[in-house]
Amino acid sequence: MSVRSTAAATAASIARFGIQRVLHRRGGSIPGIIALRLDPGILREMAPLFAASVVVTGTNGKTTTTNLLADCLAADGTCVITNRAGNNMEAGIAGAILEDRRRARAARGASGPAAIGCFECDELYTARVLPKLKPTYLVLLNLFRDQLDRYGEIDHTQDVIAGALASSPATTLIYNADDPLCAAIARRVENPTIAFGFAATAAGDEEPDKVSDSRFCAVCNAPLTYEYVLYGQLGSYRCPTCGWQRPDLAFAVTSVETTEDGQRFTLEARDAARAGFPCTAHIAYHGLYMVYNAMAALTAATLMGADGARFQQTLDRYQPARGRMQKLTVKGRKLLVNLAKNPVGFDRIIQIIQATEARACAFFINDKDADGHDISWIYDVDFERLARMRDLTVYAGGTRAEDLQVRLKYAGVPSTVVRSAEEAIDRAASAGIGAADTLYIVGNYTATLELCDELDRLPAGETPQGERTHAAADALCADDAAWARWSLVGRGTIAPLYRELAARPLTICHLYPQELNLYGDTGNVAILAARCAWRGIPVRVTTLNRGEAADLSGVDIAVIGGGADRDQLAVQHELMRHREAVDRYLNHDKGAMLAICGGYQLLGRHYFLGDEKIEGLGVIGIETRRADNPTDRLIGNVAVRADIVDADILGFENHGGRTYLDADEAPLGTSVVAGTGNNGTDGYEGIVHHGLVGTYFHGPVLSKNPALADWLIAWALRRRGIEEPLEALTDAEEAGARRAFEKKLPHRA
């Protein structure tokens, strides 16, 4: 290494010694941060230490896959350098290499380096790591929306990863072909590629997730058709318009069997001459995502020359990283602690809670910098599945416990706020949850770290004896459509005031829910429907999907959300054909509508996608312009003082466009936080146009603003001839969420 790199490495070693030996802390990424400050190119300097290296990235499963892969590669005694603790940014990877570089040098043989590098990498940091490390392989697991205020839309993440691969053209991409977002990257790069996934014979009857992150063609943006869906957007897909489809699989899981203590699966190599295949293995954890992790690790290990016959030994010895499907006994109680930081991760653990017939679970949501401050995604988690479970006790914790409690309320799941894991354990014991029953503790990123630190300090207590018999993980009941549970037609009590609506219930129409669902805006539909149902108002929810005629004549409240650029553009093309119907609904019939972010922009004269000016419907007097700096977004917690409701409207904004109202249009209200709202300059946020409320607020906006939901319901009822005030609801959970949120607001203007 150069003199500069040597000095940087020395400084990192001194820092590590002080942190670990003096402060008795793990150190994390700090030594790597110091080294990079002194020598930004130190990762490039250390790359020659390795005979081969592999980087693992993707939204979910990076730590598990990296650890499995590292263990498999090391099973024959090979020196493997890895960032096992999950410090997955450039500093964490540099720090891991610096800590073990002497061992890598010692493994060097007469013919050159013998050590192998195996590193987990944050998706956005692939742009910094791949050009310097030049790994032999990049493993791409999946792409789901995650921390939108930090990562931005998935299109941006795809661009970053594709650019990183272009900077390291000799790197072979090993990717999950079941994910069309991963396959789209493989299609656009010139690197060698190898695909893995599930064969049709292994596809079970998994319950589809409510929300998918993309089911649109990467070539022509037409909707994809699926032979089967495993979860999220993962499955076997094909575009009926242009023919693009899931690539041929080089490695395929051909069978999966759920057992009482995990899952058994068979992985085949489509290269029939490959030794050691087909390979059957058993992993002691439930959930298809664990099979994906194991499949990715075995595929990469095989390509790197590891003996696949040793993989079962690796699985048998596997100990999850802290907070990753970690089984503990604390205070005499069995716990399973798991990290879940986005809707897909939470849905997977909820399936396990269902399958094991759990009696208690605790969810913890933080909104610290490392988590992302926008937690609107919790409305994309299918907590409604838990409402089917009898005798399930649920706790809500973390810095956003109150918001989580509101979300669970609208899912039909009563919950209790707790401030610690110990409180959840003690409350579960007091509630009569048996010592042999597992308490599931699930948190997002910083919440899980804090939970693990807390649990480490608590006594184990006596190991519980006995274990309940659990149902098989694939014995999950099917559900009606997400909105059907709120319908009172023929299945609920109708209040006398609303009997005249029995023949034609109040109808809420969700416009393009598959495309415009980016920030939990689906929750607004559930909130409106629930607040009708609780009052005995006959209600039903319908959807307007692409390819359907936009007949809004029977609609009482329309809801349109925001979406990724590609999905929003697809809806724009669709809605332009229905402009007259939308204009008639808003301006002639004066129907009620809630329009969020991208949906709000679509109703104006024009908006921008990057540098491209896109024509809007022009049914309200607004236009959206580009920010002077395209990377300058308005992001953060906001409040608005509005005339149509008594209390401030609270929410979270994340938008790049700057929207301006015509002089004859009325804003929703005045932002009470400087530099926020429609454009950050005139002090206004949103619009009120007859029965339309347009806003940039996510959250979803109605979760902490029940008065705004009731304003829309009352407007719709007046159109139906019912003028009486709405019955007041308790809204205790919403009030708690408002109080907690107001403490987070920045200095008010």
Side-chain angles (χ1 to χ4, degrees), residues 210-211 379-380 384 407 409-412 480-492 494-495 497-498 500-517 519-545 548-562 571 575 578 581-582 584-586 589-596 599-600 603 689-695 697 699-703 705-722 726-727 729:
K210 285 196 306 183
V211 176
Y379 280 81
D380 293 332
E384 281 78 6
R407 168 66 185 108
K409 170 184 176 177
Y410 283 101
D480 297 330
W483 54 83
R485 62 180 57 86
W486 300 115
S487 176
L488 286 179
V489 180
R491 53 183 280 187
I494 298 175
L497 177 62
Y498 305 112
E500 63 186 83
L501 302 181
R504 188 167 73 84
L506 203 72
T507 299
I508 302 168
C509 183
H510 192 180
L511 277 60
Y512 309 104
Q514 288 296 318
E515 294 84 0
L516 302 183
N517 59 15
Y519 291 92
D521 298 325
T522 299
N524 291 313
V525 176
I527 291 164
L528 287 166
R531 297 185 70 80
C532 288
W534 293 337
R535 293 178 166 107
I537 301 172
V539 60
R540 69 188 184 103
V541 175
T542 63
T543 60
L544 174 63
N545 301 300
E548 297 176 352
D551 181 5
L552 302 178
S553 59
V555 172
D556 296 290
I557 305 175
V559 178
I560 184 169
V571 169
L575 270 179
H578 305 309
V582 177
R584 186 183 313 113
Y585 177 77
L586 284 179
D589 300 339
K590 295 182 173 55
M593 176 181 273
L594 177 64
I596 308 295
Y600 171 34
L603 299 176
H689 177 94
H690 303 313
L692 163 72
V693 172
T695 179
F697 282 15
V701 63
L702 300 184
S703 63
N705 302 288
L708 185 58
D710 291 348
W711 185 90
L712 290 163
I713 294 169
W715 182 284
L717 289 173
R718 285 195 297 272
R719 288 182 67 230
R720 299 286 293 272
I722 300 175
L726 291 174
E727 174 191 354
L729 300 176

Smallest separation among heavy atoms of Thr507 and Gly554, with atom names: CB-O, 3.6 Å
Any side-chain heavy atom of Val701 within less than 4.5 Å of one from Leu594? yes
Residue pair Val541 / Leu528, side-chain heavy-atom distance below 4.5 Å: no
Heavy-atom closest pair (Ile713 atom, Cys532 atom, distance to 0.1 Å) is CD1-SG, 3.8 Å
Rounded distance (nearest 0.5 Å) linking atom OH of Tyr600 with atom CZ of Phe697: 10.5 Å
Say whether, by atom type as modelled, one donor and one acceptor occur between the side chain of Asp521 and the main chain of Gly562 under 3.5 angstrom. yes
Could you walk me through whether Leu712 and Val559 pass the side chain to side chain contact (heavy atoms under 4.5 Å, CB included) check? CA-CA 10 Å; Leu712 290 163; Val559 178; over 6 Å; no
Side chains of Leu726 and Leu717: does their closest heavy-atom pair fall under 4.5 Å? yes
What closest approach, in Å, do Thr543 and Pro513 show between heavy atoms, and which atom pair accounts for it? CG2-CG, 3.9 Å
Which is it for Arg720 and Glu500 under the side chain to side chain contact (heavy atoms under 4.5 Å, CB included) test, yes or no, and what are the steps along the way? CA-CA 10 Å; Arg720 299 286 293 272; Glu500 63 186 83; over 6 Å; no
Does a side-chain heavy-atom distance below 4.5 Å link His689 with Leu603? no
Begin from the C-alpha positions of Leu544 and Val555 and carry the test side chain to side chain contact (heavy atoms under 4.5 Å, CB included) through to its verdict. CA-CA 11 Å; Leu544 174 63; Val555 172; over 6 Å; no
Closest non-hydrogen contact found for Ala581 with Ala550 is CB-O, 3.3 Å
Where the side chain of Trp715 meets the backbone of Lys590, is there a donor-acceptor pair that is under 3.5 Å apart? yes
Between Leu516 and Ile596, is the side chain to side chain contact (heavy atoms under 4.5 Å, CB included) condition met? List the steps. CA-CA 9 Å; Leu516 302 183; Ile596 308 295; over 6 Å; no
CZ (Arg540) and CD1 (Ile508) are apart, to the nearest 0.5 Å, by 10.5 Å
Can you tell me how far the CZ atom of Arg584 sits from the NE2 atom of His578, to the nearest 0.5 Å? 12.0 Å
So do the side chains of Pro700 and Ile527 get within less than 4.5 Å of each other, counting heavy atoms only? yes
Looking only at atom types and distance, does a side-chain atom of Asp589 sit under 3.5 Å from a main-chain N or O of Gly591, one as donor and one as acceptor? no
Closest non-hydrogen atom pair between Asn545 and Tyr512, with its separation: C-CE2, 3.8 Å
For Glu727, is there any backbone N or O sitting under 3.5 Å from a side-chain donor or acceptor partner on Arg535? yes
Kindly give the heavy-atom pair with the smallest separation between Lys409 and Trp534, and that separation in Å. CE-CH2, 3.6 Å
Determine whether Tyr498 and Leu506 make a side-chain contact, defined as any pair of heavy atoms from C-beta on separated by less than 4.5 Å. no
Presence of salt bridge, Arg407 and Glu384, under 4.0 angstrom: yes
Test item: Tyr585 side-chain N/O and Ala592 main-chain N/O as donor-acceptor pair under 3.5 Å: yes
Side chains of Val539 and Pro505: closer than 4.5 Å at any heavy-atom pair? no
